[in-house]
Amino acid sequence: MKKFFITTAIDYPNSLPHVGTAFEKIGADVMARYKRLCGYETCFLMGNDEHAVNVEKKALSLGLDTQEYCNKMAEKFKAVWKQLNVSYDRFIQTSEPAHIKASQEMFLRAQKNGDIYKGKYKGWYCNSCESYVKEKDLVEGKCPVHNMPPAAIEEENYFFALSKYRDRILKFIEENPSFVEPEIRRNEVLNILKEGLEDLSISRSNFKWGIPVPGDDSGHAIYVWFDALINYITGAGFSDDAEKFARLWPADVHVIGKDITRFHCIIWPAMLMSAGVALPKKVFGHGFVYNKGAKMSKTLGTVVDPAGVAEKYGADTLRFFLVRENPFGQDGEFSIEKLESRYNSDLANDLGNLLHRTLTMTEKYQQGRMARPADIAPDAELQAKLDAAIKAYEPLMDAFEFRDALAKIWELISYLNTYIEKSAPWTLAKEKKFDRIAKVMYDVCESLRIISIMISPVVPASAEKIYAQLGLDAVKPMKDMRIEDIKQWGAIPDGLEVKKGAPVFQRIV
RNA sequence: GCCGGCGUAGCUCAGUGGUAGAGCAGGGGACUCAUAAGCCCUUGGUCGGGGGUUCAAUUCCCUCCGCCGGUACCA
C-alpha cells in the first residue's frame with residue numbers, strides 16, 4: 001500500500017494554540033484526509049515541543065513540576081485538535097523516552113561522523129531574564145524587557161559542523177525544485193545558502209529541563225531546536241520501531257510556518273546527512289494568519305482562540321473559512337465578520353440551500369425517491385462543469401492549493417443552482433413532465449454526491465451530513481469513499497430514498 | 001545596506017504587448033422548489049507616481065513612493 005507521512009511543526013506548550021497555529025494543523029489535516037481518500041496509508045504526526053526555557057518558566061510560575069505541566073498541556077492541545085477535527089495519528093511529546101533516545105542517537109551519530117566539537121558560544125545574557133537575548137532584539141544595546149545592558153557571555157558548547165554541509169545542501173535543493181515550497185521560500189533558502197553557513201551551537205550548559213548530551217557529565221543539555229527537529233523521526237519510529245521507521249521514513253512533507261524554513265531546509269537536512277538518514281521529500285512553509293493586519297500576539301491582544309470559534313460556529317466553519325479564504329502558502333486574514341460572510345454565502349446560500357431545495361423537490365415531486373434516468377449522461381453543460389472541477393481537484397489538492405480546488409468546486413455548485421433555475425422543476429410539475437424532473441433531480445443529487453466527497457477533507461462532518469441526507473448511507477458508508485468515487489457518474493441506485501433533515505448549514509443572521 | 005515580493009473596482013484577488021476580469025458587497029428585475037436563499041441584469045477602476053522602448057503597455061525597461069518578507073541560534 002502506498003504510504004503518506006505528513007508532519008506539522010511541534011508547538012511550545014507555554015500557551016494554548018491560536019488560530020494561526022490552527023491554520024497549520026488544519027491545512028495539514030486537509031492534506032492527510034485527502035491522501036486517505038486517495039487510498040494512502042497515511043500517518044499524520046504532530047505534537048508539542050517541551051524542552052524550552054519558556055515552558056519550564058511557565059511551569060515554575062504555576063508551581064508545577066515541568067513534566068506534569070507538559071503532560072497537562074499535551075492533553076489540552078489534543079482536546080483542541082480533536083475539537084477542530086484534526087485527524088492526527090500520532091501526537092508526540094519531546095519529553096517522552098523514545099524521543100530522548102532518538103535525540104541522543106542522532107547526537108552520537110553526528111559525533112561519530114566527526115561533525116560535533118566543543119567551541120565557544122558568544123551571546124548577550126540578560127541577568128534579569130536569566131537567558132540569552134537575541135542581538136536583533138536589543139534596543140540601543142539594552143535588553144528590551146528590562147532596559148539593562150546584557151552581559152557578553154562566552155560559554156563552552158557543543159557545535160555542529162553545519163558549514164561542512166553547505167555545498168551538498170545547495171546542490172540538493174538546486175536539483176530538487178520541489179523540496180522547498182512555495183517558490184518564495186525556496187528562493188530564500190537558496191539565498192541563505194549562497195551567503196554561506198556557520199557552524200551551530202547545539203547545547204547549553206546547566207539546563208535541568210532538557211535532553212542530556214550523551215557521554216557528557218558536565219551538565220550539558222541538547223539545545224531545544226536540535227531535539228525539536230528530531231521529533232519527526234522519533235514519530236516515525238526511529239528509536240523504538242525499526243519496521244515502522246522503514247515504512248514511514250522519509251517523510252513525504254513537513255508542513256511548517258514560513259518563519260522556521262531555515263531550520264527545516266538547511267539545518268535539518270544537514271543533521272540527517274550527518275547521521276546517514278534519508279532526507280524528507282518536501283518542506284512546505286505556509287503563511288501566517290493575521291488579525292486586522294496584525295500578527296496574532298498575546299501582548300497585542302490579537303489572539304483568536306480557535307476552540308472558541310469552533311464552539312460557536314462549528315469546526316467545519318472555521319476549517320472552511322481558513323482553507324477557502326487563504327492560499328495555504330500565503331498570508332491570510334482572520335475576522336469573525338469575514339468568517340460569517342463566507343459561511344453564509346458559500347455554505348448556507350450556495351451549497352446548503354442547493355441541497356435543501358433539491359431534497360424538498362425530490363420529496364414533493366417524486367415521493368422522496370431518486371429515479372435513475374434511462375439516459376444517464378448529464379447534459380453537456382453540466383458535464384463540462386463536472387469535468388472542470390474533477391480534473392482540477394487532484395493536482396490542486398496535491399499542491400496544497402486547497403483554496404483553488406474549492407473555488408472550482410464552488411463553480412460547479414453555482415452552476416447547479418443555475419441548472420435548477422433553467423430547468424424549473426416547479427414549472428415542469430405543472431406540465432406533468434415528471435421524467436424530466438427526475439432527470440434534473442438525479443443530475444443534481446449525483447453532483448452533490450461527488451461534491452460531498454470532494455469537500456470531505458475540508459469539512460468532514462458536514463460532508464457526512466450531506467452524504468447521509470442524500471440517502472447514500474444505505475448504499476455504502478461515507479468512510480469507504482475513495483477518490484475513484486468522484487469519477488464514477490451514476491452511483492446513486494434507482495429508487496434510493498433521500499433523508500432530508502435540518503439544513504446542514506443554517507444561515508447566521 | 002543587500003536580496004526578493006507586492007501595490008488592479010468598496011473588500012479579497014485573477015490577468016494579458018493591443019485601450020481590463022471574477023467572487024463578495026451595493027443597485028434593479030422576473031420567478032417560487034428553497035435557509036427573504038437561488039436565478040437574470042447592473043453601478044463601479046485614468047490597473048501606486050513619473051519617465052522610456054513600441055504602431056500600441058496595466059502587461060517590457062528605468063526611476064520614485066508605499067507596504068511586506070529574507071538577511072543564522074526566532075518553531
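Below, chain A is the first sequence line, B the second, and so on; all start at residue 1.
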Q: Return the set of residues passing side-chain contact (heavy atoms from CB on, under 4.5 Å) with A:F23 (not counting sequence neighbours), or none when no residue passes.
A: A:H286, A:V289, A:L322, A:N326, A:F328
Q. How would you list, by chain and number, every residue that makes a salt bridge (Lys or Arg N to Asp or Glu O under 4.0 Å) with A:K364, sequence neighbours excluded?
A. none
Q: Report which part of the nucleic acid A:F505 touches: base, sugar-phosphate, or nothing (heavy-atom distance under 4.0 Å, all strands).
A: base
Q. Do A:N54 and A:Y12 get their side chains close enough for a donor-acceptor pair, meaning under 3.5 Å?
A. no
Q: Name all pairs fulfilling the salt bridge (charged side-chain N to carboxylate O under 4.0 Å, His left out) condition that reach into residues 157-168 of chain A, sequence neighbours left out, sorted by first residue then second.
A: A:D115-A:K164
Q: Please measure how far the P atom in B:G5 lies from the corresponding atom in B:C61, and state the result in whole Å.
A: 11 Å
Q.
Suppose you measure atom P in B:G17 against the same atom in B:U12; what distance do you get, rounded to whole Å?
A. 26 Å
(Q) Can you check the distance between B:U59 and B:G23, where both ends of the measurement are the P atom (answer in whole Å)? (A) 26 Å
**Q.** From B:A72, B:G69, B:C74, nucleotide with atom closest to A:L197 side chain
**A.** B:A72
Q | Rounded C1' spacing from B:G7 to B:G45 in Å | A | 14 Å
(Q) Which nucleotide wins on minimum distance to the side chain of A:R262, given the candidates B:A72, B:G69, B:U35? (A) B:A72
Would you tabulate the pairs of protein nitrogen or oxygen atoms and nucleotide nitrogen or oxygen atoms of nucleotides 6-14 of chain B closer than 3.5 angstrom?
none

Compile the donor-acceptor pairs under 3.5 Å between side chains in residues 496-504 of chain A and protein atoms, sequence neighbours left out, one pair per line.
residue: A:K500; atom: NZ; partner: A:T360; partner atom: OG1; Å: 2.9

(Q) Under the rule for side-chain hydrogen bond (donor to acceptor under 3.5 Å, both in side chains), what residues qualify as partners of A:Y467, not counting sequence neighbours? (A) none
Q. Using atom C1' of each nucleotide, how far apart are B:U42 and B:A9 to the nearest Å?
A. 14 Å
Q. Considering only side-chain heavy atoms of A:R185, which listed nucleotide, B:C24, B:C73, B:G69, is closest?
A. B:G69
Q: Say whether, by atom type as modelled, one donor and one acceptor occur between the side chain of A:E24 and the main chain of A:A9 under 3.5 angstrom.
A: yes
Q | P spacing across the pair B:G52 / B:U58, given as an integer number of angstrom | A | 13 Å
Q) Base, sugar-phosphate alone, or nothing: which one does A:P503 contact when heavy atoms must sit under 4.0 Å apart? A) base
Q: Report which part of the nucleic acid A:I202 touches: base, sugar-phosphate, or nothing (heavy-atom distance under 4.0 Å, all strands).
A: nothing
Q.
Run the ring pair (Phe, Tyr, Trp, His ring centres under 6.0 Å) test against A:Y165 and tell me which residues pass, sequence neighbours left out.
A. none
Q) Given B:U35, B:C24, B:A72, which nucleotide is nearest the side-chain atoms of A:E198? A) B:A72
(Q) Across nucleotides 37-42 of chain B, 5' to 3', mark each nucleotide with B, S or - according to how protein heavy atoms within less than 4.0 Å reach it. (A) SBSS--
Q. Rounding to the closest angstrom, what is the interatomic distance between B:G50 and B:U16 at atom C1'?
A. 23 Å
Q: Select one nucleotide: of B:A75, B:U35, B:U71, the one nearest the side-chain heavy atoms of A:I260.
A: B:A75
**Q.** Same-atom distance (P) from B:C60 to B:A22, integer angstrom
**A.** 23 Å
Q: Report the C-alpha distance between A:D11 and A:K25 in whole Å, list the side-chain angles of each, state the deciding distance to 0.1 Å, and finish with yes or no for salt bridge (charged side-chain N to carboxylate O under 4.0 Å, His left out).
A: CA-CA 11 Å; A:D11 302 303; A:K25 313 309 173 191; 3.1 Å; yes
Q: Mind jotting down which residue pairs meet the salt bridge (charged side-chain N to carboxylate O under 4.0 Å, His left out) criterion with at least one end in residues 339-360 of chain A? Sequence neighbours excluded, please.
A: A:R324-A:D346, A:E325-A:R342, A:R342-A:D346, A:R357-A:E421
Q: From the options B:C33, B:U71, B:A72, select the nucleotide whose nearest atom is closest to the side chain of A:E195.
A: B:U71
Q: Under 4.0 Å between any heavy atoms, over every strand shown, what does A:L355 touch: base, sugar-phosphate, or nothing? Just pick one.
A: nothing
**Q.** Exercise: do A:D216 and A:Y158 side chains pair donor with acceptor under 3.5 Å
**A.** yes
Q: Answer with base, sugar-phosphate or nothing: what part of the nucleic acid does A:K430 contact at a heavy-atom distance below 4.0 Å?
A: sugar-phosphate
Q: For A:F434, check ring pair (Phe, Tyr, Trp, His ring centres under 6.0 Å) against everything at least two apart and list the hits.
A: none
Q.
Going by side-chain contact (heavy atoms from CB on, under 4.5 Å), name the residues that satisfy it together with A:Q366, two or more places apart in sequence or in a different chain.
A. A:T362, A:I437, A:A438, A:M441
(Q) Dot-bracket, 5' to 3', for RNA chain B please: Watson-Crick or G-U pairs under 3.5 Å, [ ] where pairs cross earlier ones, | where the partner sits on another strand, dots elsewhere. (A) (((((((..((((.......)))).((((.........)))).....(((((.......))))))))))))....
